[in-house]
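Here is the structure we will look at, set down as structure tokens.
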Amino acid sequence: MQEGMNRRAWLRNSGLAALGLSLNLKSLGNEERLLRSFGKAEGLINLGSNENPYGIAPGAKQAIADMAGLSNRYQFNIPSMQGFRKTLANYYSLESDQVLVTAGSSEGLNLAARHFSGGPVVSASPTFFILPELSRKLGNDVIEVPVTPAGVHDLEAMADKVTSMTKLVYICNPANPTATILDAAKLRDFTTSIPKQTVVLIDEAYMDFQEDPNAMSMMDLVHDHPNVLILRTFSKIHGMAGIRVGFAAGHASLIKSLEDNFFDSTQMCVSNLTMAAAAASMEDEAYRNKVRDWNKEARSYAMHAIQQMGRPTLDSATNFFMFDLGKYPGDFASDMLAKGYIIRSNNFGGGKWCRVSIGTMDEMKSFVGAVQDMVGQF
């Protein structure tokens with residue numbers, strides 16, 4: 001497989017046919033291409049979805065319970081919900097006209113692909129698949145630039161691909177699936193150097209796992225740069241993958257153009273319960289710090305253990321990491337599924353690699369033990 005493999009190929013080619021399962025792709029709705037009924041009831045440990053294994057903050061749970069009685073009302077009929085956009089903007093030091101609420105960042109990517117259709121898109125490869133894949137389906141030319149051997153976006157090579165016709169540059173930072181993060185100063189220089197007719201969309205889904213997210217985020221650029229769009233989500237460190245809330249941040253002029261077009265009804269797609277939970281979660285910095293610390297501890301343990309087995313890893317700034325499978329002879333994901341673990345494995349940079357999400361410490365110890373049993377085959 002070529003080094004320039006995109007994440008769509010990563011997902012479709014990941015081996016998951018173990019346990020004698022007959023999987024019909026048309027019936028599969030999740031990223032692992034597994035039946036939705038798979039999970040804890042079958043004794044599987046899901047380390048393939050980059051989810052927060054600890055769940056939502058206690059205050060967010062209470063906020064959902066408190067709002068449940070108003071589930072029959074639209075957001076615009078509930079006074080406390082009318083200010084959610086402002087609450088979100090204030091938290092990120094933005095103005096209300098600089099944010100748009102979305103049903104997770106995935107929906108933001110879907111809508112952005114449509115809004116910025118009609119010209120070439122420059123993207124890294126591999127990367128998170130939604131925007132590049134939909135852009136292709138819409139008939140746009142997607143120019144994929146391979147990441148470096150270290151799994152980092154090659155900003156110089158990406159800049160060389162930008163022309164006067166380029167509609168959008170897509171940067172996933174921290175990156176998925178490689179888990180690396182760009183140097184903030186270099187990304188800032190790159191972003192501000194892109195011609196103003198081209199929008200730079202930076203997907204910061206995993207930014208909250210940084211010890212100082214504000215130092216690494218490009219969020220502040222939206223004040224003075226009308227061609228910069230940031231997407232964030234509550235699915236990761238906030239643990240809200242299943243209740244869908246995120247937002248787009250940009251210059252007021254850019255946000256207005258989005259809101260007047262494909263993004264015009266995004267807040268109506270987010271439930272009262274979800275917004276109440278998100279508002280409560282933003283207030284609970286202590287819980288997020290705990291999740292960040294737990295993730296870092298379990299990630300450090302697992303990465304070190306894998307390295308001790310002689311398997312190189314890429315640096316990780318997220319709640320997942322990649323390690324080199326060397327000359328593993330079979331389909332690692334299928335073999336791990338047979339042992340009860342959902343992970344990803346595919347080719348990267350000319351070799352076989354595994355991408356594993358960070359679960360609880362107990363889950364990572366169990367995973368490491370399973371890998372240890374197979375290390376003689378590497």
Side-chain angles (χ1 to χ4, degrees), residues 52 56-57 59-60 63 75 80-109 111-112 170-174 181-182 184-185 187-188 191-192 199-241 243-259 263 266-267 269-271 274-292 317-319:
N52 177 344
I56 63 176
Q75 298 97 322
S80 63
M81 290 295 94
Q82 294 172 15
F84 178 71
R85 188 168 170 177
K86 182 173 178 58
T87 298
L88 186 64
N90 288 344
Y91 181 81
Y92 287 96
S93 300
L94 300 170
E95 299 297 328
S96 296
D97 60 0
Q98 292 178 305
V99 298
L100 281 175
V101 181
T102 60
S105 58
S106 294
E107 181 62 6
L109 291 169
L111 294 172
Y170 175 53
I171 302 282
C172 185
N173 187 57
I181 191 167
L182 285 158
L187 178 57
R188 187 172 295 271
T191 303
T192 56
V199 169
V200 181
L201 191 164
I202 304 176
D203 179 354
E204 294 187 344
Y206 299 95
M207 189 58 69
D208 290 311
F209 287 100
Q210 312 318 301
E211 291 187 5
D212 184 0
N214 291 331
M216 305 301 292
S217 175
M218 297 296 110
M219 189 85 73
D220 65 295
L221 290 179
V222 307
H223 297 295
D224 301 315
H225 298 273
N227 67 324
V228 177
L229 183 65
I230 309 294
L231 292 184
R232 296 289 281 267
T233 182
F234 283 73
S235 295
K236 303 306 176 181
I237 205 166
H238 290 272
M240 298 186 183
I243 57 176
R244 314 308 302 140
V245 62
F247 67 96
H251 190 274
S253 61
L254 177 58
I255 291 299
K256 185 178 188 308
S257 71
L258 298 178
E259 192 169 20
F263 286 71
T266 54
Q267 183 160 312
C269 296
V270 180
S271 76
T274 295
M275 288 191 288
S281 189
M282 282 187 283
E283 295 179 358
D284 198 341
E285 185 176 357
Y287 182 74
R288 290 194 303 284
N289 287 339
K290 287 180 181 179
V291 171
R292 188 181 297 112
T318 64
N319 62 337

Val99/Arg85 under side-chain contact (heavy atoms from CB on, under 4.5 Å): CA gap, chis, key distance, verdict: CA-CA 7 Å; Val99 298; Arg85 188 168 170 177; 3.6 Å; yes
Met218 and Leu187: CA distance, side-chain angles, deciding distance, side-chain contact (heavy atoms from CB on, under 4.5 Å) verdict: CA-CA 8 Å; Met218 297 296 110; Leu187 178 57; 3.7 Å; yes
side-chain contact (heavy atoms from CB on, under 4.5 Å) assessment of His238 paired with Ile243: CA-CA 11 Å; His238 290 272; Ile243 57 176; over 6 Å; no
Evaluation steps, side-chain contact (heavy atoms from CB on, under 4.5 Å), between Leu201 and Leu109: CA-CA 9 Å; Leu201 191 164; Leu109 291 169; 4.1 Å; yes
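With a 4.5 Å cut-off on side-chain heavy atoms, Met219 and Ile202 do not count as touching. For the pair Leu88 and Met282, the minimum side-chain heavy-atom distance is below 4.5 Å. With contacts defined as side-chain heavy-atom distances shorter than 4.5 Å, the pair Thr192/His225 qualifies.
With hydrogens and angles disregarded, a donor-acceptor distance shorter than 3.5 Å links the side chain of Asn173 to the backbone of Leu182. Here the side chain of Ser217 pairs no donor or acceptor atom with the backbone of Asn214 at under 3.5 angstrom. Not a single donor-acceptor pair under 3.5 Å links the side chain of Ser105 to the backbone N or O of Arg232. In terms of modelled atom types and a separation under 3.5 Å, the side chain of Gln210 and the main chain of Met216 share no donor-acceptor contact. Of the possible donor and acceptor atoms, none in the side chain of Glu107 sits under 3.5 Å from a partner among the backbone N and O of Gly246. A donor-acceptor pair under 3.5 Å is absent between the side-chain atoms of Arg292 and the main chain of Glu211, judged by distance alone. Here the side chain of Arg288 pairs a donor or acceptor atom with the backbone of Ser281 at under 3.5 angstrom.
For Glu283, there are no salt bridge (charged side-chain N to carboxylate O under 4.0 Å, His left out) partners at least two apart in sequence or on another chain. Residues meeting the salt bridge (charged side-chain N to carboxylate O under 4.0 Å, His left out) test with Lys86, sequence neighbours left out: none.
Looking at every heavy atom in both residues, Ala248 comes nearest to Leu231 through CB-CD2, 3.5 Å. Residues Ala278 and Val245 come closest through the heavy atom pair CB-CG1, 4.1 Å. The two residues Gln98 and His223 have their closest heavy-atom pair at NE2-ND1, 3.3 Å. The minimum heavy-atom distance between Thr318 and Pro174, with the atom names listed, is CG2-CB, 3.4 Å. Nearest heavy-atom pair, Ser253 versus Pro226, reported as atom, atom and distance to 0.1 Å: OG-CB, 3.8 Å. For the pair Ala276 and Ala63, the tightest heavy-atom approach, listed with the atom from each and the gap, is O-CB, 3.5 Å.
Tyr170 and Asp203 are linked by a side-chain donor-acceptor pair at a separation below 3.5 angstrom, with hydrogens and angles left out of the test. Between the side chains of Arg244 and Thr233, no donor-acceptor pair of N or O atoms lies under 3.5 Å.
Here Asp208 contributes atom CG and Phe234 contributes atom CZ; the two are 8.0 Å apart, rounded to the nearest 0.5 Å. Note that NE2 of His251 is 11.0 Å distant from OG of Ser257, once rounded to the nearest 0.5 Å. Rounding to the nearest 0.5 angstrom, the gap separating the CG atom in Leu229 from the OG1 atom in Thr191 is 11.5 Å. Rounding to the nearest 0.5 Å gives a distance of 8.0 Å between CD1 of Ile56 and OH of Tyr287. Expressed to the nearest 0.5 Å, how far OH of Tyr206 lies from CG of Asn319 amounts to 6.0 Å. The distance from the OG1 atom of Thr266 to the CD atom of Glu259 is 7.0 Å, given to the nearest 0.5 Å.
Screening residues 80-106 for ring-ring contact (aromatic ring centres under 6.0 Å, His included), with sequence neighbours left out, gives Tyr92-Phe247.
A salt bridge does not link Lys290 with Asp284: every distance from a Lys NZ or Arg NE/NH1/NH2 to an Asp or Glu carboxylate oxygen is 4.0 Å or more.
Summarising the local packing, CD of Gln82 is surrounded by more than 12 heavy atoms from other residues, nucleotides or ligands at distances under 6.0 Å.
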